[in-house]
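Every chain is numbered from 1, with letters handed out A, B, ... down the list of sequences.
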Amino acid sequence: MIDPKLIREDLEGLRRLIEKRNMTGVVDIDYLKEISDMRKELSGRSDELREKRNRISKEIGIRKSKGGDTEEIMKEVQGISDELKKMDEEINSINEKYNELHLTIPNILDESVPEGKDEKDNTVVRTWGEKRKFSFTPRPHYDIGTEMNILDFERGTKIAAARFYVYRGLAARLERALLNFMLDLHTGEHGYTEIFGPLIVNDESMTATGQYPKFKDEYYRLEKDGLSLIPTAEVTLTNLYRDEILEMEDLPVYVTMQSSCFRREAGAAGRDTRGLVRVHQFQKVELVKFVDPATSSEELEKLTANAEEVLKRLDLHYRVVLLSSGDTSASSSKTYDIEVWMPGLDRYLEVSSCSNFIDYQARRAMIRYRESKGAKPKYLHTLNGSGLAAGRTLAAVIENYQKGDGTMDIPDVLKSYLR
RNA sequence: GGAGAAUUGUCCGAGUGGUCUAUGGAGGCGGUCUUGAAAACCGUUGAGCUAACUGCUCCGGGGGUUCGAAUCCCUCAUUCUCCGCCA
């Protein structure tokens, strides 16, 4: 959610923002402005009416207690309540419309975000390491894993559906090692507090982080309970402080959580159909920060570096990509993707997406802070990033550490976790 | 899942139809006093809307009754106690 003042005061700025994001036609900004004005007009009138009613009702009370006559004055106020009721109904439906539209407005973009239509306009900001050299043609992880009998896609499909998988033996142990390694790194060296919380959350939580209402088809929702499976621990972590006011000395808050993530991948039919790249259930270590707004851009750099550190220690070549305006997700102000090199797939693969949401999520979630004792609460800034997606990282490890003889090496940093 | 009780401001807690713009206490902040601190005393202390107000909203959420609801009714949620079931 953006600052509602912008709707009233900088409509043209918003129009440019929508264009930059390639969302013209998706968000009707003029209609929103119209609704916003109507809303203001109506609530002003209903406030006045309410003031009148309150005043007269109070007067009735005073007269009654003095034993005076109230018949005349009661007639005066008679119709007001009905009128108010009608007006409130109108206001409610306008409010609903307004909120709905307001929630669809994307976040303000950071100035450093390159203008562009889609992922083709993203810019590589740095690379680390080099593409590993092989004396044989490297194969994709799903072939190696299937052959080694550590990845089993057929049984995953049998038990659940397409895009599910089974890990057996080494793959299961490697993924567990990866998760533990990542958590230990972030808690031990990067200052994050480990959290574990709900994997199933209510609609308020999904809305606060921006999953609902727009992308409902992307997620698994348990209709009977009104709850949803989380697509990322970002939802759980960011909602930790929903509707709360933090003190300045509490900031910054760094939290991390390992979780399973559930995604319907609606609309991804035919894309990445093989292997661990695009699945309905995977595990991930998530990093979330709650920070003083003045520090959020440098916090994004640090958070990205925290995620990169995982790949460095696994000795996996990667690049960091700054997403263009058209590719940056609606709730983010600026996003870096970290893409690991997959020699078998012969492409880079996103294993982390690190974003600064500035006050966008904080507004939706009502997460605020006080600059000093007694000061007015202000919205803080939230950031998050994967640190990292375990399934894809496992795939990268398999592809990069394959030996060509049906076996693989183990990254040094994971060896102590596999004993 | 069943029965009962509860949900009030940072916390505790009063309020069961009419100046509640919510009593009181604790805690926080400011002050007086003191060499300093404590104690005592005085003052202050929730959030949102609004250009602003002596204006409006918020007493778990939603709805209703009424000229008027923290207070009455309905409904949902949560918490606690007891019972049932259970890793």
To the nearest Å, how far apart are [X] [atom1] and [N] [atom2]?
{"X": "A:Glu244", "N": "B:rC11", "atom1": "CD", "atom2": "P", "answer": "11 Å"}
{"X": "A:Ile245", "N": "B:rC11", "atom1": "CD1", "atom2": "C1'", "answer": "15 Å"}
{"X": "A:Lys58", "N": "B:rG17", "atom1": "NZ", "atom2": "P", "answer": "19 Å"}
{"X": "A:Asn95", "N": "B:rG48", "atom1": "CG", "atom2": "P", "answer": "18 Å"}
{"X": "A:Leu49", "N": "B:rG68", "atom1": "CG", "atom2": "C1'", "answer": "15 Å"}

Using the [atom1] atom on both, measure [N] against [M] and round to a whole Å.
{"N": "B:rU23", "M": "B:rU16", "atom1": "C1'", "answer": "15 Å"}
{"N": "B:rA39", "M": "B:rG27", "atom1": "P", "answer": "8 Å"}
{"N": "B:rU44", "M": "B:rG55", "atom1": "C1'", "answer": "24 Å"}
{"N": "B:rC42", "M": "B:rA51", "atom1": "C1'", "answer": "37 Å"}
{"N": "B:rC73", "M": "B:rC83", "atom1": "C1'", "answer": "30 Å"}
{"N": "B:rC72", "M": "B:rG18", "atom1": "P", "answer": "12 Å"}
{"N": "B:rC85", "M": "B:rC74", "atom1": "P", "answer": "32 Å"}
{"N": "B:rU45", "M": "B:rA26", "atom1": "C1'", "answer": "13 Å"}

Scan nucleotides 49-64 of chain B nucleotide by nucleotide, 5' to 3', and note B when protein non-hydrogen atoms come under 4.0 Å of the base, S if they reach only the sugar-phosphate, - if neither.
-SS---BSS-------

Does A:Lys376 make a side-chain N or O approach to OP1 or OP2 of B:rG48 shorter than 4.0 Å?
yes

Listed by chain and number, what are the ring-ring contact (aromatic ring centres under 6.0 Å, His included) partners of [X], not counting sequence neighbours?
{"X": "A:Tyr417", "value": "none"}
{"X": "A:Tyr401", "value": "none"}
{"X": "A:Phe164", "value": "A:His280"}

Acceptor/donor pairs from residues 298-305 of chain A side chains to any protein atom, 3.5 angstrom cut, sequence neighbours excluded:
unit_1	atom_1	unit_2	atom_2	d
A:Glu299	OE1	A:Tyr254	OH	2.7
A:Glu299	OE1	A:Lys289	NZ	2.6
A:Glu299	OE2	A:Tyr254	OH	3.2
A:Glu301	OE2	A:Tyr336	OH	2.7
A:Lys302	NZ	A:Tyr254	OH	3.3
A:Thr304	OG1	A:Leu300	O	2.7

Are a donor atom and an acceptor atom from the side chains of A:Asn54 and A:Ser57 found within less than 3.5 Å of each other?
no

Distance alone, cut at 3.5 Å: any donor-acceptor contact between the side chains of A:Ser325 and A:Glu115?
no

Which residue pairs pass the side chain to side chain donor-acceptor pair (under 3.5 Å) test with at least one member in residues 153-162 of chain A, sequence neighbours excluded?
A:Asp152-A:Arg155

Kindly write out the residues that satisfy side-chain contact (heavy atoms from CB on, under 4.5 Å) with A:Arg274, not counting sequence neighbours, or none if the list is empty.
A:Tyr142, A:Asp143

Is it the case that more than 12 heavy atoms not belonging to A:Arg8 sit under 6.0 Å from its CZ atom?
yes

Who are the side-chain hydrogen bond (donor to acceptor under 3.5 Å, both in side chains) partners of [X], not counting sequence neighbours?
{"X": "A:Ser353", "value": "A:Asp337"}
{"X": "A:Arg363", "value": "A:Asp359"}
{"X": "A:Glu223", "value": "A:Arg221"}

I'd like a list of close polar pairs between nucleotides 71-79 of chain B and the protein, N/O only, cut-off under 3.5 Å.
none

So what does A:Arg370 touch, heavy atoms closer than 4.0 Å: a base, only the sugar-phosphate, or nothing?
sugar-phosphate

With Watson-Crick and G-U wobble geometry limited to distances under 3.5 Å, how should the secondary structure of RNA chain B be encoded in dot-bracket form, using | for bases paired to another strand and [ ] for crossing pairs?
((((((((.[[[..)..(.....]]]((((((.......))))))((((.....)))).[[[[[..)....]]]]])))))))....

